[in-house]
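Structure first, commentary second.
A note on names: the letters A, B, ... follow the listed sequences, proteins ahead of strands, and every chain is numbered from 1.
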Amino acid sequence: MAIDLFNTLGGRVEALVPQHDNELRMYCCGPTVYDYGHIGNFRTFLHVDVLRRFAALKGMKLKHVMNVTDVDDKIIRNAAAANMPIGEYTAKFERAFFEDMDALGVQRPEIIARATENIGDMVTLIEKLASEDIAYKTEDGSWYFRIARFPDYGKLSKKDFDGIEDGARVDVDEYEKDAARDFALWKAVKPNEHSWDTSLGVGRPGWHIECSAMAMKHLGPTFDLHAGGEDLTFPHHENEIAQSEAASHVPLAKHWFHVRFLLVEGKKMSKSEGNFYTLRDLLLKGYRASAIRFLLLSVPYRHQMNFTFEGLTESANAIDRLRTFARRLDKTEFAAGEDAGLAALTVEKQRLFDAALSNDLNTAEARAAIFDLVRAANSAADTGTLLAGNVASIRDLLARFDSVFDVLTDRDQRVTRDALAWAEAEGRLGEAAPELVASSSFSEEEIQKLVDERTLAKKQRNFARADAIRKELAEKGILIEDGKDGVSWKRK
RNA sequence: GGACCGAUGGCGAAGUGGCUAACGCGCUGGUCUGCAAAACCAGUAUUCAUGGGUUCAAAUCCCAUUCGGUCCUCCA
């Protein structure tokens, strides 16, 4: 079964079918490494992650290229402000970016392409465009793309560029361009700026050219899918199409995948609204990485989602339900045999799970299928109709779910510890929630000692002491569960 | 100003012409438990922003209004 996916280019849902050898060749616009990534950035990368994981589940091979923009205006400005060479500055934030991606369980693309390491390919592409008079050089030494030479301009963003829109801003500084909409391919060097001395002159690449050059270098002139946040549709992706297709004369990408923006507490996320959060901000507030991942994935990628703190708590609770069930499956000795009804239900839920993701990556419905299974299986376990022969298929479906959602394995403690260590190194430990700092310094040995003491007290029917210990642990975020198979605990 | 998207229970959210409007969280009651927790069971929107219209039938299609969002040159 193919994956049906909305294609911005066609404006409708179309089957995603790899063109070569069942290998999905995809390019995803990556980060500009000038600061720490925020949750809006990660919503996009997380949904691209779901796409690649589900494609792999459907048996496709993956060749996923992501760029790292490590030279641009903001980088130059910020590095200068920090009095650092841009390479050192971007290395710091690139490292932080991948740490965050790891924290959220986002798989690494097969190929990471840095702009500064591919200048030569960009120059070659611009020269090719220049040879056809599509690129032209202005008096200051910059190079621009002549939009008049690319009739398809606007096909992705569905814009009609005949005439200038009312209210549209037009950059009056760049008066030397032939047309207002012509965009920069190569920017002439300015004083004290990082630059490259090339056949085009001394300067640095424009924003869009890196993606065209690196995508075609690694994936060929036409590949299966190109992804990014919704804002990139125009001008970035439109310009990429223009640059690439004007040179190659074939379509750049078959499918264009755009992830919608999120709201934070019902409003557009912005620094001035005070609702702008990096991943690290949230970790220091005590929210778990898995809850952040699950929340960001719970609303399908084409819908606007409202990111709230209440939602994070809900997601953490929902994950606890799943993890508790997975533990129950592992720890319980089920009676021999197989319940046919439950076996059939498991098959049906797997069908629904796959169908939901195949239907334009409907993560909300896929999730619902798994919760249906969990309720049915818990119920069956309670009434004794979950039998040993049912366990394997239920476990398989959970694993299938987790190969896409990746929230069952608890990596949260490690991620939070790393975030605290980072905060300490950066002198930002004061931003961390106090109970988080207290809880993380509470070792497993200490916890286990108290848990054992409580178990002993219970045996002696000293319930006052047992309850006091339980309360003490609860205040440090440790939750005790007395089960049939002994006492266990978990961090809240 | 122009183009485009959205509004579903206490909260998040699926569903886009036809069975009792998924699922998660929360809340209330019950079972279990020394008490809890976990789990299960029952209850929790006669109703899908508002007002009109089309249809045998609308949360789903059409029009208007209100509100939120994206884009209209470097923001995921």
What's the gap between [N] and [M] when it is taken at their [atom1] atoms, as a whole Å value?
N	M	atom1	answer
B/G51	B/A7	C1'	15 Å
B/G18	B/A59	C1'	13 Å
B/G9	B/U60	P	14 Å
B/G17	B/C61	P	7 Å
B/A57	B/G30	P	46 Å
B/G26	B/C63	C1'	39 Å
B/A42	B/U20	C1'	16 Å
B/A49	B/U8	C1'	10 Å

Lys/Arg N to Asp/Glu carboxylate O, [X] vs [Y], below 4.0 Å:
X	Y	value
A/Asp412	A/Arg491	no
A/Arg53	A/Asp402	no
A/Glu193	A/Arg204	yes

Do you see a donor-acceptor pair shorter than 3.5 Å between the side chains of [X] and [Y]?
X	Y	value
A/Tyr89	A/Asn78	yes
A/Asn378	A/Arg328	yes
A/Glu238	A/Thr233	no
A/Glu14	A/Asn7	yes

Around atom [atom1] of [X], are there more than 12 heavy atoms of other residues, nucleotides or ligands at under 6.0 Å?
X	atom1	answer
A/Lys285	NZ	no
A/Glu444	CD	no
A/Lys158	NZ	yes

Between [X] ([atom1]) and [N] ([atom2]), how many Å, whole number?
X	N	atom1	atom2	result
A/Met101	B/A76	CE	C1'	11 Å
A/Tyr153	B/C72	OH	C1'	11 Å
A/Arg77	B/C74	CZ	P	12 Å
A/Arg323	B/A38	CZ	P	16 Å
A/Leu232	B/A76	CG	P	7 Å
A/Arg12	B/U16	CZ	P	19 Å
A/Phe261	B/G6	CZ	C1'	16 Å
A/Gln304	B/G12	CD	P	12 Å

- Determine whether the aromatic ring centres of A/Phe309 and A/Tyr287 lie less than 6.0 Å apart.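 Yes, ring centres under 6.0 Å apart.
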Under 4.0 Å between a side-chain N/O of [X] and OP1 or OP2 of [N], yes or no?
X	N	answer
A/His303	B/A14	yes
A/Asn362	B/G15	yes
A/Asn41	B/A76	yes

- Working for side-chain hydrogen bond (donor to acceptor under 3.5 Å, both in side chains), residues A/His38 and A/Thr278: CA-CA 4 Å; A/His38 57 71; A/Thr278 64; over 6 Å; no
Tell me what [X] touches on the nucleic acid: a base, only sugar-phosphate, or nothing, going by heavy atoms under 4.0 Å.
X	value
A/Lys471	nothing
A/Arg302	nothing
A/Pro300	sugar-phosphate
A/Leu262	base
A/Val259	nothing
A/Gly228	sugar-phosphate

Which nucleotide wins on minimum distance to the side chain of [X], given the candidates [options]?
X	options	result
A/Asn378	B/G6, B/A38, B/C40	B/C40
A/Arg328	B/U73, B/A39, B/A76	B/A39
A/Lys159	B/C71, B/U70, B/A13	B/C71

All N/O contacts under 3.5 Å from nucleotides 23-27 of chain B to the protein, with atom names and distances to one decimal?
from: B/C23; atom 1: OP1; to: A/Arg375; atom 2: NH2; distance (Å): 3.2
from: B/G24; atom 1: O4'; to: A/Arg367; atom 2: NH2; distance (Å): 3.0
from: B/G24; atom 1: O2'; to: A/Arg367; atom 2: NH2; distance (Å): 3.4
from: B/G24; atom 1: N2; to: A/Glu314; atom 2: OE1; distance (Å): 3.0
from: B/C25; atom 1: O3'; to: A/Asn317; atom 2: ND2; distance (Å): 3.4
from: B/G26; atom 1: OP1; to: A/Asn317; atom 2: ND2; distance (Å): 3.4

- Message: What I want to check is whether an N or O donor and acceptor connect the side chain of A/Lys158 with the base of B/C71 at under 3.5 Å.
- Response: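 Counting by modelled atom types and ignoring angles, no donor-acceptor contact under 3.5 Å is found here.
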- Item | Heavy-atom pair of closest approach, residues A/Leu104 and A/Leu46 |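 Scanning both residues, the minimum pair turns out to be O-CD1, 3.9 Å.
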- Parallel, tilted or perpendicular: which describes the rings of A/Trp256 and A/His237, with under 30° parallel and over 60° perpendicular?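 Tilted.
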Tabulate atom names and distances for all N/O pairs under 3.5 angstrom spanning the protein and nucleotides 28-35 of chain B.
from: B/G34; atom 1: N1; to: A/Asp467; atom 2: OD1; distance (Å): 3.1
from: B/G34; atom 1: N2; to: A/Asp467; atom 2: OD2; distance (Å): 2.6
from: B/C35; atom 1: O2; to: A/Arg470; atom 2: NH2; distance (Å): 2.4
from: B/C35; atom 1: N3; to: A/Arg470; atom 2: NH1; distance (Å): 3.0
from: B/C35; atom 1: N4; to: A/Asp482; atom 2: OD2; distance (Å): 3.3

- Item | Residue whose nearest RNA chain B nucleotide is more 5′ - A/Asn359 or A/Val374 |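 Here A/Asn359 is the residue nearer the 5' end.
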- So what is the 5' to 3' dot-bracket string for RNA chain B, if pairs are Watson-Crick or G-U wobble with both distances under 3.5 Å, crossing pairs use [ ] and | means the partner sits on another strand? ((((((((.[[[..)..(....]]]((((((.......))))))....[[[[[..)....]]]]])))))))....
